Amino acid sequence: MLGVEFIQANPREVCQALARRGITEGMDLVDRVLEQDRVRREALTNLQAKQREANAESRNIGNLMREGKREAAKAPIARQSSLKAEIKELGEAAANAEQTLSELLLTIPNLPHESVPDGLSESDNVAVYQHGEIPSFEFDPLPHWEIARRHGLIDFERGAKVAGAGFPFYMDAGARLHRALINFFLDAATRKYREVRPPLLVNEASARGTGQLPDKEGQMYHVAMDGLYPVPTAEVPLTNYFRDEILSESDLPVKLCAYTPCWRREAGSYGAHVRGLNRLHQFDKVEIVQLTHPEQSYEVLESMRSDAETLLKALNLPYRRLLMCAGELGFNQTKQYDLEVWSAGQERWLEVSSISNFTDYQARRMNIRFRPERGGKPQLVHTLNGSALALPRVVAALLEHNQTETCSYELPEVLIPYLS
RNA sequence: GGAGGGGUGGCAGAGUGGUCGAAUGCACUGGUCUUGAAAACCAGCGUACCGCAGGGUACCGGGGGUUCGAAUCCCUCCCCCUCCGCCA
């Protein structure tokens, strides 16, 4: 969430930034936040004045009792009970005001960075870079599900029987290819990031911390009996690792990476775009996360983006880098790159990575701060994350890109050591 | 799942109803001493919020209650530890 102080100090900028996301009632939102904050402060001031009064009275009564003047204490004790009722009422008012403000703030998304292009739709995303040529084939290239079927790499039907659509079995060379990619990605990531094996189920507070709750509730599976959520991405456990903690400035930047399966309900999808490996309920991903000093996050965003791109280059896959337009940004992000590989069999781009800066938006929610070395109050860190990479579409692109006329396929050299 | 014991500041650890936001030790910061360092000594050292300010309020796992007054008593939830059971 945004900080009230910031909104207070920059109402116009906030409105303009929200407008870039297509939110036209920005001024109204800002006004409501400021008004609600005023209400909250007033309620607090009133409450605290009464509490002060009651505390003084109690001290007074304590002194009288100690001196054995029980009679003299009777009047102030009687007065206390009416004070107590007032305090209870004022306390409830203050809590309500606080709650209302925080709910209001949760409806306001993060503000697009100035370097983010304008636009509200997918077509406004800017392809800022492309690596490799889109290949032309002398034959009709097959989609990956066809190649996978002929080689027995993936068993979608039995996956559907055992779990449901979107839960494939990877078999034999298909399973091994997955393991190879996970190891290849992790070996690259761990040269720079601490390797973590996180919990695969998280509690509600963690889902709230990274912003999956309350707005994206339907995207996660939910183990209702125990109040746990299978992770939709390793971002959740990794970023929550330091929730409610104060780090030393010298701890920054914190760099974490993890391989995890990811579970997503992805309700409402249909058609050709969900065929094969395009969209699954369970998939594998290596995630990279950094917590940085506020002054460094945009620099770090570029380096994380480059970490992910290095992998695609090593795999020899044509890909392009999209800079997401203001209207297509995730709710919590200020700037976001998507990396898309070329799917030769489907003749379209497939997203395999998204790298984002959240600035202090998640950190404020999660209360992750650092103590400045030069002294002063703890400050919020900036959080960033990115996929490096998500597996299924990489598998799809590898099969499709490297296919031959006889429907065999080759794999890039970097994977050979991982496949033996 | 059953029985028992616990959750206090960065860490360790006192505190069982009245100036307790909380002793003490360690760690950390500044200073004295020293050629320098160590040791010793002195001082400082939680977080959030309200207030122009002096200052005030809240926080001893979370929530609720008893009381004029709660870290301390009661209820409830969460978490941790030990033993038993079950299990990979």
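Here the structure is a predicted model, which is why all the values come from computation and not from measurement. Per chain, numbering begins at 1; letters A, B, ... match sequence-line order.
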Looking across every strand, which nucleic acid part, if any, lies under 4.0 Å from [X] by heavy atom: base, sugar-phosphate, or nothing?
{"X": "Glu57(A)", "result": "nothing"}
{"X": "Gln80(A)", "result": "sugar-phosphate"}
{"X": "Lys50(A)", "result": "nothing"}
{"X": "Asn63(A)", "result": "nothing"}

Using a strict 4.0 Å threshold on nitrogen-to-oxygen distance, state whether [X] and [Y] make a salt bridge.
{"X": "Asp187(A)", "Y": "Arg191(A)", "answer": "no"}
{"X": "Glu57(A)", "Y": "Arg79(A)", "answer": "yes"}
{"X": "Arg41(A)", "Y": "Asp37(A)", "answer": "yes"}

Please report the distance separating the [atom1] of [N] from the corresponding atom of [M], rounded so that it comes out in whole Å.
{"N": "G54(B)", "M": "G44(B)", "atom1": "C1'", "answer": "23 Å"}
{"N": "G15(B)", "M": "A70(B)", "atom1": "C1'", "answer": "13 Å"}
{"N": "C78(B)", "M": "C11(B)", "atom1": "P", "answer": "24 Å"}
{"N": "G64(B)", "M": "A12(B)", "atom1": "C1'", "answer": "32 Å"}
{"N": "G51(B)", "M": "A39(B)", "atom1": "C1'", "answer": "46 Å"}
{"N": "G7(B)", "M": "G62(B)", "atom1": "C1'", "answer": "12 Å"}
{"N": "G65(B)", "M": "C60(B)", "atom1": "P", "answer": "15 Å"}
{"N": "U8(B)", "M": "G61(B)", "atom1": "C1'", "answer": "10 Å"}

Can you work out whether Ile77(A) or Ala56(A) has the more 5'-proximal nearest nucleotide on RNA chain B?
Ala56(A)

Judged by nearest nucleotide, the residue sitting upstream toward the 5' end of RNA chain B, Asn55(A) or Arg371(A), is Arg371(A)

What is the pairing partner of [N], taking Watson-Crick or G-U wobble pairs with both distances under 3.5 Å in any strand?
{"N": "U47(B)", "answer": "A58(B)"}
{"N": "U82(B)", "answer": "A3(B)"}
{"N": "C11(B)", "answer": "G25(B)"}
{"N": "C33(B)", "answer": "none"}

With sequence neighbours left out, what residues match His401(A) under side chain to side chain donor-acceptor pair (under 3.5 Å)?
none

Going 5' to 3' along RNA chain B, which nucleotides are the first and last within contact of chain A (any atom under 4.0 Å from a heavy atom)?
G18(B) to G69(B)

Using 30° and 60° as the class boundaries, would you call the ring planes of Tyr418(A) and Phe184(A) parallel, tilted or perpendicular?
perpendicular

Distance in Å, Gln333(A) CD paired with Asn357(A) CG, rounded so as to fall on 0.5 Å steps
9.0 Å

In Å, rounded to the nearest 0.5 Å, how long is the span from CD of Glu122(A) to CE of Met324(A)?
7.5 Å

Aromatic ring proximity Phe358(A)/His382(A), centre distance under 6.0 Å
no

